[in-house]
Amino acid sequence: MPEGSRQRMRINFRKLYSFICFRPIYEPGHAQIGQKGYSRVVYCNDPDHLEAVKLNYRGNYVSTTKYSAANFIPKSLFEQFRRVANIYFLVVACVSFSPLAPYSSLSILAPLIVVIGATMAKEGVEDWRRRKQDIEANNRKVKVYGCNNTFCETNWKKVRVGDIVKVCKDEYFPADLVLLSSSHEGGVCYVETMNLDGETNLKLKHALDVTSHLHDEKFFEEFRAVIKCEDPNEKLYSFIGTLSYDGKEYPLSIQQLLLRGSKLKNTEYVFGCAIFTGHDTKVMQNATHPPSKRSKIEKKMDKIIYLLFSTLVLIAFVGSLFFGIETKKDFSDGKLRRWYLRPDDTTVFYDPKRPSLSAFFHFLTALMLYGYLIPISLYISIEIVKVLQSIFINQDQHMYDEETDKPARARTSNLNEELGQVDIILSDKTGTLTCNSMEFVKCSIAGTAYGRGMTEVERAVTRRRGDAVPESVDGVQGLEGDAVDSGKSVRGFNFRDERIMNGQWVKRCDSKIIQKFFQVLAICHTAIPEENEQSGEIMYEAESPDEAAFLIAAKEIGFKCKRVTQTSISLCELDTENGKMEDRDYERLQVLEFNTSRKRMSVIVRNKEKKLLLLSKGADSVMFGRLSKDGRSFESQTKDHIKKYAEAGLRIMVIAYRELDEEEYKSWEKEFSKAKTSVTAERDELAEKVADKIERNLTLLGATAVEDKLQKGVPECIDTLAQAGIGLWVLTGDKMETAINIGYACSLLREDMKQIVITLDSPDIAASENQGDREAKASLESIRKQIGEGMSQINSTKESDIMYGLIIDGKSLEFSLKKDIDKSFFELATKCNTVICCRSSPKQKALVTRLVKRETGNTTLAIGDGANDVGMLQEADIGVGISGVEGMQAVMASDFAIAQFRFLERLLLVHGHWCYRRIAMMICYFFYKNIAFGFTLFWFEAHASFSGQPAYNDWYMSFYNVFFTSLPVIALGVFDQDVSAPLCVKYPFLYLEGVENILFSWPRILGWMFNGFLTSIIIFSLTTKSMIKQAFRRDGQVVDYEVLGVTMYTCVVWAVNCQMAISINYFTWIHHFFIWGSIAFWYKFLVIYGYLPPEMSTTAYRAFVEECAPSVLYWLVTLLVVICTLLPYFSFRAFQTRFYPMYHDRIQRKQYEGLEAENSDELPRQVRKKRHLRKTLMQRNS
Amino acid sequence: MPPTSSTSKKSIHHLPISAQYLSVLCSGIAEMDNRSAPTVERSDPPTRKPLWRSQAINKFTQQNLPACKPVLTPTWVILTFLLIGTIFIPIGLVCLHASRSVVEIVDRYDIDCVPEQFKSNKLGYIKDSSYPKNCSRTLKVNRHMKAPIYIYYQLDNYYQNHRRYVKSRSNQQLLHGLGSNKTSLCKPEQSNNGLPIVPCGLVAWSLFNDTYKFIRGKSELNVNRKNIAWKSDRDHKFGKHVYPFNFQNGTLIGGGKLNSSVPLSDQEDLIVWMRTAALPSFRKLYGRIEENLHANDVIVVNLMNNYNTYSFGGKKKLVLSTSSWLGGKNDFPGFAYIFVGSYCIVIAIVFMLLHVKNSRNTHVGYN
């Protein structure tokens, strides 16, 4: 075939499809082939080629693991010691081998090893899971051309660059392939890229013509080609390469590239040549780790750790000061003071002649000794707890969606407690609040409105008005509303009107227009019909759900789109003349695709009568301007209807058409293909301009109204969240009217709310806009004025009961986010209960999120479902993805994934609240127990002239954090519940504990620390006062160092465990087991350890069995001390619960007294007022 | 700020959907919660084991385990405080009684036993071995003392818990004698003439060496000095075949000497001394008088004031004490118990009064 004709054929073929698919032959990048960044050379079907072997590209083995067997230990160790506290413990462990150490090095090392080992084990297990996934992926089967000149199955990991691969229907591509040919004529195929970009619609890919004839396996015996292309990169939407075949070069673009991670659809098989394998594939190059977010609590915890470090340094310093003074006094004027210490002949550590040096060394010793102030096991415990909490979130049946079979998923575990502190939710609308499943409910044809169904929004409106009888919105006196319901319901179709259904439209006087209207719906689209083989029903794979709704509507009325090929669309429709259904083919000549700037879509078809038709649908704002003079016969009625539909929260499309004559079309077509094949940068613009030329002089047919269905339980959920004091901002791309209506429907806006609307859609602005450059200034001024008005409106009303809703459109938002205005904008916005930003772009969404986070300093949660929400999700403190129909993009970027918006209620109010409470309590308790223990060491030191002698046996101490106190605190962190889940939801104001951060406020943290301090004083003073000097048993034995150590330690173990017991609210057998088990374990340990030979047990030898246990005083002192240590907290809580109850105390009381059945409403519902109060308080303070 | 009920009703009025929804939502769960709230929630009796097991797992994963949910209601608080009070006060009284039943005689002799001419140079007196160290004290028994009467010496301001001191010993050597060479911690009392000192270290070196003899009337009271150390120490920490052959032979002599023909396991003075004390003020057991002492008995103590506490200002006391089931004489535990007990009762009363007063004033209660 001569080159010229092939070229022409391609153009012919190409022009039949959209210009999105179409790319010029040579992109600017092609010139760079062979240069830096474009140096890849692939020998197709010849991976063993000498040159190919030299190039040695990576194989298709994919590993997503963090570690390998070889580097696991060093790498994970390195990760561990990036934490300050762990470094401290490592340094301590190293120094412990020197004589500075107050206790044996082994007893320091052991807990560190346990803690580090546990963390490493956790890392290892996680990595092992990833590895198993990798193995699964690497061992998937694919057919590769090779052995005996046939395709035989091999593992994915064995695919090499240059291999010819055969992929069948519904299989994933094993690597990035260049499409050579497919089962379809012309080498086209459809792919689903859901895993890459989250779009569910199918994408068309097509092979080069030179290779598209390679349908059969036998062709590949002779096939050899060389592909030169760009180096691996992460750009999913561009690809540059050339294919050398038969001595000629052909350009390759993204249209020929089948990406790993996508799936072959609607095509029997394709042949492709692997060019990027393994980690070189675009999807792997794209794999980024989600931004790691840390919760506020954890950030605050770091501060507490620093505080403790300073305390540690301080008390160590005080200790060494006294030690230095005492040591100096030991030897003066040749006189020995404490002669029994032999200060005349000593090492540097106790040298009275160099007291400052000894004091310095003592300082180091003290740093090690009081290291118990820093809880070594805090991080690992928190990590364990969070992982278990995540498991609970994942397992929660109340957040499991049966329809989609999707449970909730905590994708990161380190934000669990942040869920309990959310102050503002920023929500996407489409797909999040609404289902993104469109239902065709109404239409207006030739100035007559059809459709009797009621929308959610309309129902909400009538409910709000208090009208009992739902009035028919379309003005037609309906027969009896719902009685029209004729049995079967079709998904995406909620249209009831007997006038045009069931073929009745033929009888209408304007049946010609009705016919045209539905023909446009059935033809003007880019969807692909798919026939279900069993039922014979036709499903539509459409790019947008609106389009699918149109097709279904057309089908239901009697215009079934049966088959779509590149060049034709065939409808099964009624022949108005003979009244029979018949198939009609339309030749599809051009598709002028939809995009956001055009806001319309058109197709040019030639019908059976050889008439050329341009069928068009688009947004009302662009369509009405394109109507011809005589095509506007029912413009005003249609506009009326559109307004009503918009008020009812419906999405509107205007339908129009135009007949073309051949000449006009031909000249236009020439111009159009020239524009499309131009090589300039403005190609798209040019093509748009040309397309614009033909989409004029249209004749109006009517308008469609599609309902964006609210998701289940959304209004209720929003209401509950509002009661919990959480502000909700809706960021949507919709029109203001639609957004407001959706706002009403989901009870974001209420009749009793005052609306503050900020918009640039006013005549003055429009006028000044027309004057050109003054636009920006005028708009800015207008925004400023509107914000000022809003503020004064709020400030003027003294009553705090009135609530405000702020509605702002995208354009105004853009101005509001500018530097000097954004402060006042946020001041206004935070005072309003509801904020709706309409017509906002994805970037604006992310920007708003960032500003809200920065300006208010509060915790923000972003929730969304689509790829356009990714920026917002990553920007917010917490990103929640809806794992709905719109693919995985949002979920991949999110921290939590839920299937339905309404699950947010449970995620926040139940899990968030619990997790916040648990983690906060857990951290406070951790510091409590370590301070209580650490300070007993200090008090003992003070009575041992600060010499650095620990009060306890080495091993008691090292087991403290690991065995005697760790498990109960983990049980607390995993299981504790202040009130049960149903009550959390019932009394949403409980959530304020998290928002106001009551449980982790500085007073509370310091309170716990003080409690620990107090505990240590009580333990030390009571034990010593009670037991020292006199005999502690009948046989006259006195308390020595060993007995005092055991007694004090027993008291510490009892005290901290019982403190836990009185501070938790929820006792399961697990708690009992852990708390009492820990105490029992201490005694068991003491007995066993005491029976080891004295070389090992040293001071613990028989200390319990022989010495303490037979002494009554030992037990009495334990009882006394434990009760005394518990009394401060218990008294405090008793009085607080009764006289200044916290939110959960009230609920617990109510619950306990069983009053809630009768007067459940007595508990405060006026959280909004509280919230408002809080805000004013904050302002007063600032 | 306490919310009032009027606003709450108002807000409900505006939220017909939510109120309805909530009541529907909760009515189902309320029963379950009512049942579980006060005490332990019971699960339905299991019918079959697999079902039971899956139910148990389900309860676990849904965080719905049967649990006891203690609530700090006023009744509970008051009862708890009263309970602690009623338990603690009797315990305190019993302890106090036990402590009071113990008769204790304490005599500080370190100053009085220095002859008048050395009052200004006690250190010189105690260090000079040429001066006689014997001293005689007279003790009067006020109350009847029932045998056994324990004899303690008490030292004050003596830091046996100093880290250098505590570490300066070799447990290996105490048990195995010269067989063990691990004496590095014993410095500077480590070796003498190339041989390790047995027992080495500062603790042994500073052995207390005052001795006491008790005379009632004409006859000397028999002092039993056996079994004053812990049995485990004698059996397992101090060797039966370890003899202190070169103890206190060095240039600098610290405290007491040992009979080199008696093995360490029988040197109970040493064993008692080497159990280091916890705090700088401590008593150690010296022996037992196994006869009753009667009220108004006069006991003369002939003691050898050998031990140097003058350089660091420590006190030396001789203590004679009987023992009760609680041990020696110390009123502190008893008083502490009584104090805590009465504190609890006072708190209970205060709490009760406040509670009654508060609920009368604001009937709304918990809002």
Side-chain angles (χ1 to χ4, degrees), chain A residues 336-342 345 350 392 395 397 715-716 719 752 943-945 947-949 980 982 986 1025-1026 1028-1034 1036 1038-1041 1044 1065-1068 1094 1102 1106 1112-1113 1116 1120 1124 1131 1133-1134 1137-1138 1141 1146 1148-1149 1151-1152 1154 1161-1162 1164-1166 1169, chain B residues 3 5 7-8 11-12 14-15 17-18 21-22 26 29 33-34 37-38 61-63 65 67-69 71-74 77 84 150 159 161-166 188 202 206 232 236-237 275-279 283 285 311-312 323 325-330 332-333 336-337 340 347 355 366-367:
Chain A
L336 303 176
R337 191 169 67 101
R338 292 186 290 186
W339 56 270
Y340 51 91
L341 297 176
R342 288 295 299 272
D345 179 9
Y350 307 99
F392 281 139
Q395 294 284 333
Q397 284 170 355
E716 292 86 346
D719 193 62
D752 56 325
H943 289 83
S945 70
S947 59
Q949 176 66 18
S980 64
K986 188 178 174 187
K1025 281 256 187 284
S1026 306
I1028 290 304
K1029 284 195 202 165
Q1030 95 276 18
F1032 78 115
R1033 308 158 35 122
R1034 189 180 264 289
V1038 289
V1039 170
D1040 53 32
Y1041 170 75
L1044 185 74
N1065 300 290
Y1066 189 74
F1067 265 104
T1068 64
R1102 307 273 163 95
E1106 191 188 0
V1112 185
L1113 189 61
L1116 281 178
L1120 175 71
C1124 284
S1131 318
R1133 279 291 293 151
T1137 313
R1138 173 60 188 83
R1146 294 182 190 167
Q1148 284 177 351
R1149 283 274 336 251
Q1151 196 55 32
Y1152 182 79
D1161 301 323
E1162 205 180 292
R1165 287 254 182 172
Q1166 62 282 47
K1169 194 176 170 190
Chain B
S5 52
T7 37
S8 72
S11 67
I12 289 161
H14 290 304
L15 311 167
I17 331 159
S18 69
Y21 163 75
L22 280 175
C26 294
I29 303 145
D33 238 89
N34 263 342
T61 59
Q62 300 307 308
Q63 309 191 52
L65 285 173
C68 164
K69 300 168 188 168
V71 177
L72 280 177
T73 59
V77 170
I84 297 174
Y150 296 96
Y159 286 88
N161 57 8
H162 195 281
R163 184 154 76 107
R164 175 172 162 82
Y165 189 82
V166 171
L202 291 174
S206 61
S232 61
H236 302 291
K237 285 189 182 167
R275 272 255 173 179
T276 51
L279 297 182
R283 286 178 192 173
L285 200 53
S311 65
F312 54 87
S323 77
W325 56 272
L326 202 57
K329 188 178 186 65
N330 188 354
F332 184 83
Y337 264 103
V340 173
I347 288 279
H355 173 62
Y366 307 100
N367 283 0

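Every chain is numbered from 1 and lettered A, B, ... according to where its sequence line falls, protein lines coming before strand lines.
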**Report entry** Derivation of the side chain to side chain contact (heavy atoms under 4.5 Å, CB included) call for A/T1137 and B/V77
**Finding:** CA-CA 10 Å; A/T1137 313; B/V77 170; over 6 Å; no
Query raised in the report: Would B/R164 and A/S947 count as a side chain to side chain contact (heavy atoms under 4.5 Å, CB included) if you check the C-alpha gap in whole Å, the side-chain angles of each, and the deciding distance to 0.1 Å?
Result: CA-CA 8 Å; B/R164 175 172 162 82; A/S947 59; over 6 Å; no
Requested in this report: Mind running side chain to side chain contact (heavy atoms under 4.5 Å, CB included) on B/Q62 and A/Q397 for me, showing each step along the way?
Outcome: CA-CA 7 Å; B/Q62 300 307 308; A/Q397 284 170 355; 3.4 Å; yes
Requested in this report: Please lay out, stage by stage, how B/R163 and A/Y350 fare under the test side chain to side chain contact (heavy atoms under 4.5 Å, CB included).
Outcome: CA-CA 10 Å; B/R163 184 154 76 107; A/Y350 307 99; 3.6 Å; yes
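The main-chain N or O of B/S232 is found under 3.5 Å from a side-chain atom of A/E1106 such that the two form a donor-acceptor pair.
Taking all atoms of both residues into account, the shortest heavy-atom contact from A/V1112 to B/W325 is CG1-CZ3, 3.6 Å. Closest heavy-atom contact between A/L341 and B/L202: O-CD1, 3.7 Å. Smallest separation of non-hydrogen atoms from B/K237 and A/P1094: CG-CB, 4.1 Å. In terms of heavy-atom proximity, A/S945 sits nearest to B/H162 at OG-CD2, 3.3 Å. When all heavy atoms of A/R1138 and B/P74 are compared, the closest pair comes out as CD-CG, 3.7 Å. Residue B/R283 comes nearest to A/K1029 through the heavy atom pair CD-O, 3.3 Å, listed as atom of the first residue, atom of the second, then distance.
With chain A as the partner, the residue from B/T73, B/L285, B/N161, B/V340 showing the most heavy-atom pairs under 4.5 Å is B/N161. Chain B forms more heavy-atom pairs under 4.5 Å with one residue of A/S1131, A/G948, A/A944, A/C1124 than with any other, namely A/A944. The candidate with the highest count of non-hydrogen atom pairs below 4.5 Å against chain B, out of A/L1044, A/N1065, A/L336, is A/N1065. When each of B/I347, B/V166, B/I84 is checked for heavy-atom pairs under 4.5 Å with chain A, B/V166 comes out on top. Interface remark: of the candidates A/V1039, A/L1116, A/V1038, A/L1116 forms the most heavy-atom pairs closer than 4.5 Å to chain B.
The structure places CZ of B/F332 at 12.0 Å from CD1 of A/I1028, a figure rounded to the nearest 0.5 Å. One distance of note links CG of B/N330 with CD of A/Q1030; it measures 4.0 Å at 0.5 Å rounding.
No side-chain heavy atom of A/Q949 sits under 4.5 Å from any side-chain heavy atom of B/Y165. No side-chain heavy atom of A/Q1148 sits less than 4.5 Å from a side-chain heavy atom of B/K69. Contact annotation: the side chain of B/P333 approaches that of A/L1113 to within less than 4.5 Å [non-hydrogen atoms, C-beta and beyond].
Heavy atoms closer than 4.5 Å to chain A are found in the backbone of B/A277, but not in its side chain. The parts of A/R1033 that come within reach of chain B are both its backbone and its side chain, each placing non-hydrogen atoms under 4.5 angstrom from that chain. Proximity to chain A (any heavy atom under 4.5 Å) is shown, for B/F312, by both the backbone and the side chain.
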